[in-house]
Amino acid sequence: MSQREVRVRFAPSPTGPLHIGGVRTALFNYLFAKKHGGKFILRIEDTDSTRFVPGAEAYINESLKWLGLTLDEGVAEGGPFGPYKQSERKAIYKQYAQQLIDSGWAYYAFDTPEQLDALRAQHEAEKSTFAYDISTRNSLNNSLSLSDEETKARLLSGESYVIRFKMPENVDVTARDLVRGEVTFNTNTLDDKVLYKSADQLPTYHLANIVDDRLMEISHVIRGEEWLPSLPLHVMLYRAFGWESEMPQFAHLPLILKPSGKGKLSKRDGDKDGFPVFPLQYVSPEGEVASGYRESGYFPEAVNNLLALLGWNSGTEQEIFSLDELVNIFSIERVNKSGARFDPDKAKWFNHQYLVNKSDAELAQLYLPIIREKGFEPSLETVTTITGLVKERVNFVQELWEQSYFFFEAPSDYDDKVVKKRWKGDVPAFIGEVAALLETATIWKAEELKQQVSDLITAKEQNFGGVMNALRLALVGGGFGPDLFTIIELLGKNETVSRLRKAVEVIPAS
RNA sequence: GGUCCCUUCGUCUAGGGGUUAGGACGCAAGAUUUUCAUUCUUGAAACAGGGGUUCGAUUCCCCUAGGGACUGCCA
């Protein structure tokens, strides 16, 4: 590779929230840039004036920020190659489009969208496909089929037009892709793409992308595989401008596929598979709400980690990586070619790993607001202790409550299945005896209490497991929770005895 | 339909001419914790098919099949 500075860009269009496929592309760009000591740039591709969505750009920025993908240059960050928003670069593109016209690589076309739609419909009816290409361009309304006078007259009259690329005939275009190797296309299968539209004085993606990557000195274009079909067009554009020898290198990332069914994951998949497709919760201008990883309780580190392993792997058996570790170990050569199906279960597992690895105190800080919302005001130490007791069994901070609510309030109902299995025979009566025993206890320590209860069980010839489960039922309302005597110690004598008495009174023996 | 891309357990993947084809998620069983979870151990589970090349192909080549992307005055 040359000595050229690595400069990569993430170039979303602000037509809505970013989805995790886009986030993954951003992440890989970031990792690649940082790995090579280069720059990570955000460029807003808002050349479609009709699809602008208010708030989308802010959403993109907030998402990157949440994930810790720090930008070196961008709309808000500025930089020596600005502006970084294409709608603010309007004046730049026109001359490049003109350059292509002048050199014969492009032409004016006056066909209206309606006319083209009609042609497409007509061809479809005849089971063929309409393409604006070498086979049809001479019979359509453009500067190739019209006389120079006619073209000039139409332009002068202010008739709206479009500038199309004149795809040359029968050229094999070979491009090198960093993940796929060489890819070859023949220009006969390509059409004359629109590069510029007079209606809003803006280029289309294709022109803007080439011009900006050139002007911003982008060294590597890392984008999704959905762009692979336009690679030959882009190469031809570099060729047409005479920039081919300094063209960026390309890497097309495999797609992220839906967990169920077929096809690539899309924004419209929303929450229907029970997991978020967006980094942050998104409320559309129409008021529709789609959930986000952040609001669902995912840690940003976990999201980065799980996304990194979708389409890339280190070649080792390590699966948990911090962002810094990823930067160190990332390489584009180890990116996979095939699409990866998103696995919601594994995503949760990743979050679990990060959650468990956080200190009890740190998690307690995150858990405390939830407890307060429920109306309790425990000390941070208490919450820290409780968090440590149950964190192994949850994937998300918000699940901590369902695993530990009984430390704060008595169960209001009891799991039927457990009642049926454990609350029978002379067990309820014996629980009453345990209550009486505990009431007289003088040393309120888990080990001590366990000893006393065990002695009572032995003396009364009860079954240890059965009694323990019944106690558990009475104290937490079900068959779950951490070590029982730890719970009892934390609950304190009054609360423990009162819960046992209440259970004996309230739960019908079966 | 056309063009291009892809194909190892259900999923994410390692591997790569000779391997008991490895790991992770999930699933199942067992152990331990005289209670729950954790943890541990074990198990089931894959080279899409057919042709070559080769002493030998899961690995290299070709074909078929399957999947995917693109096919807009969208990105």
Side-chain angles (χ1 to χ4, degrees), chain A residues 11-15 22 45-48 50-51 109 111-113 116-117 120 124 127-132 160-164 177 179-180 183-186 188-191 193-200 202-206 208-209 223-232 252 254-255 257 259 262-264 306 309-320 334 336-350 352 356 389-394 403 422 450 453-454 457-458 463-473 476 478-485 487:
Chain A
S13 73
T15 53
E45 308 231 331
D46 56 346
T47 51
D48 185 353
T50 64
R51 286 179 68 210
D111 318 86
T112 65
L116 296 174
D117 284 347
R120 286 197 184 90
E124 199 168 333
K127 289 201 153 192
S128 61
T129 312
F130 170 75
Y132 207 120
S160 76
Y161 64 88
V162 114
I163 293 175
R164 283 183 183 270
D177 180 280
V179 334
R180 277 150 231 282
V183 187
T184 302
F185 299 79
N186 186 283
N188 286 354
T189 66
L190 272 21
D191 61 352
K193 285 282 186 249
V194 171
L195 301 178
Y196 189 88
K197 50 232 155 94
S198 70
D200 54 9
L202 281 168
T204 62
Y205 169 79
H206 300 294
N209 153 64
R223 74 232 297 195
E225 190 188 323
E226 68 268 30
W227 293 107
L228 202 50
S230 40
L231 181 57
H252 290 88
L255 265 12
L257 277 10
K262 322 212 164 269
K264 71 168 174 173
L306 73 93
L309 271 87
L310 235 35
W312 171 88
N313 78 85
S314 68
T316 70
E317 285 179 358
Q318 184 178 349
E319 295 207 274
I320 301 300
R334 293 203 64 89
N336 284 98
K337 294 178 175 67
S338 49
R341 188 156 288 131
F342 185 85
D343 182 352
D345 281 332
K346 190 138 189 189
K348 287 179 191 156
W349 175 81
F350 272 110
H352 176 78
V356 166
L389 255 22
V390 298
K391 69 175 184 181
E392 282 285 355
R393 61 195 84 193
V394 303
Q403 287 298 328
R422 305 294 187 184
K450 180 176 179 183
V453 172
S454 298
I457 288 171
T458 311
N463 168 274
F464 189 88
V467 172
M468 291 305 287
N469 281 297
L471 281 172
R472 187 174 284 284
L473 174 70
V476 313
F480 63 96
D483 177 78
L484 198 51
F485 290 100
I487 296 176

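Values reported hereafter were calculated over all heavy atoms of this structure, with side chains retained and with hydrogens, waters and symmetry mates removed. In what follows, chains carry the letters A, B, and so on, assigned in the order in which the sequence lines appear, proteins first and then strands, with residues in each chain numbered from 1.
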Student: How far, in whole Å, is B:G23 from B:A45 if one measures between their P atoms?
Tutor: 14 Å
Student: Regarding B:C74, can its base be found pairing with the side chain of A:Arg51 as donor and acceptor, where the two atoms are less than 3.5 Å apart?
Tutor: yes
Student: B:A24 and B:G1: how far apart are their P atoms, nearest whole angstrom?
Tutor: 42 Å
Student: Tell me whether the side-chain N/O atoms of A:Arg334 come closer than 4.0 Å to OP1 or OP2 in B:G15.
Tutor: yes
Student: Any side-chain heavy atom of A:Tyr196 sitting closer than 4.5 Å to one from A:Val194?
Tutor: no
Student: In terms of the nearest nucleotide of RNA chain B, which residue is placed more toward the 5' end: A:Leu310 or A:Glu45?
Tutor: A:Leu310
Student: For nucleotides B:A48 and B:G66, find the distance between their C1' atoms and express it as a whole number of Å.
Tutor: 7 Å
Student: Taking the same atom, C1', in B:U32 and in B:U42, what whole-Å distance lies between them?
Tutor: 14 Å
Student: For B:C4, which nucleotide is its Watson-Crick or G-U wobble mate, given both distances must be under 3.5 Å?
Tutor: B:G68
Student: Can you tell me how far P in B:U58 sits from the matching atom in B:G72, rounded to whole Å?
Tutor: 42 Å
Student: Nearest to the side chain of A:Glu392, heavy atoms from C-beta on, is which of B:U38, B:G23, B:A75?
Tutor: B:U38
Student: So A:Lys197 and A:Thr204, do their side chains get closer than 4.5 Å, heavy atoms only?
Tutor: yes
Student: For B:C5, take OP1 and OP2 only and decide whether either is under 4.0 Å from a side-chain N or O of A:Ser338.
Tutor: no
Student: Using only side-chain N and O atoms of A:Asn336, determine if any of them is under 4.0 Å from OP1 or OP2 of B:A14.
Tutor: yes
Student: With a non-hydrogen cut-off below 4.0 angstrom, is A:Val162 in contact with a base, only sugar-phosphate, or nothing?
Tutor: base
Student: Determine the Euclidean distance between corresponding P atoms of B:U38 and B:G30; express it in Å to zero decimal places.
Tutor: 15 Å
Student: Nearest to the side chain of A:Arg341 - B:C36, B:C12, B:C4?
Tutor: B:C12
Student: In plain terms, say whether A:Asp343 and A:Arg341 are close enough for a salt bridge, that is, a side-chain N and a carboxylate O under 4.0 Å apart.
Tutor: no
Student: Taking the side chain as every heavy atom from C-beta outward, state whether A:Asn188 and A:Leu190 have any pair of such atoms under 4.5 Å apart.
Tutor: no
Student: What I'd like to find out is whether the side chain of A:Ser160 reaches to under 4.5 Å of the side chain of A:Ser198, using heavy atoms alone.
Tutor: yes
Student: Do A:Lys264 and A:Glu225 sit within salt-bridge range, that is, some charged N less than 4.0 Å from a carboxylate O?
Tutor: no
Student: Give a yes/no answer on whether the side chain of A:Asn313 brings an N or O atom under 4.0 Å of OP1 or OP2 in B:U13.
Tutor: no
Student: Check whether any side-chain nitrogen or oxygen of A:Arg120 sits under 4.0 Å from OP1 or OP2 of B:C73, and answer yes or no.
Tutor: yes
Student: Does the side chain of A:Val476 reach to within under 4.5 Å of the side chain of A:Ile487, using non-hydrogen atoms?
Tutor: yes
Student: So, does A:Lys337 get its side chain near the phosphate of B:G68, meaning an N or O under 4.0 Å from OP1 or OP2?
Tutor: no
Student: Could you tell me how far B:A46 sits from B:A21 if I compare only their P atoms? Round to whole Å.
Tutor: 12 Å
Student: So which of residues 343-350 of chain A are in contact with RNA chain B, with a heavy-atom cut-off of under 4.0 Å?
Tutor: A:Asp343, A:Asp345, A:Lys346, A:Trp349
Student: Given B:C5, B:A75, B:A69, identify the nucleotide with an atom nearest to the side chain of A:Lys264.
Tutor: B:A69
Student: Given B:G23, B:C4, B:A75, which nucleotide is nearest the side-chain atoms of A:Glu319?
Tutor: B:G23
Student: Do A:Phe480 and the base of B:C36 stack face to face, with centres under 5.5 Å apart and an angle between planes under 30°?
Tutor: no
Student: Tell me whether the side-chain N/O atoms of A:Arg393 come closer than 4.0 Å to OP1 or OP2 in B:C36.
Tutor: no
Student: Do A:Leu306 and A:Trp349 make a side-chain contact, defined as non-hydrogen atoms from C-beta onward lying under 4.5 Å apart?
Tutor: no
Student: How long is the line joining CD1 of A:Ile163 and P of B:C73, in whole Å?
Tutor: 15 Å
Student: Report yes if the side chains of A:Ser230 and A:His206 come closer than 4.5 Å at any heavy-atom pair, otherwise no.
Tutor: yes
Student: Quick check: on RNA chain B, is the nucleotide nearest A:Arg164 upstream (toward 5') of the one nearest A:Glu225, or the reverse? Name the residue that is more 5'.
Tutor: A:Glu225
Student: I'd like the C1' distance from B:C47 over to B:C6, given in whole Å.
Tutor: 15 Å
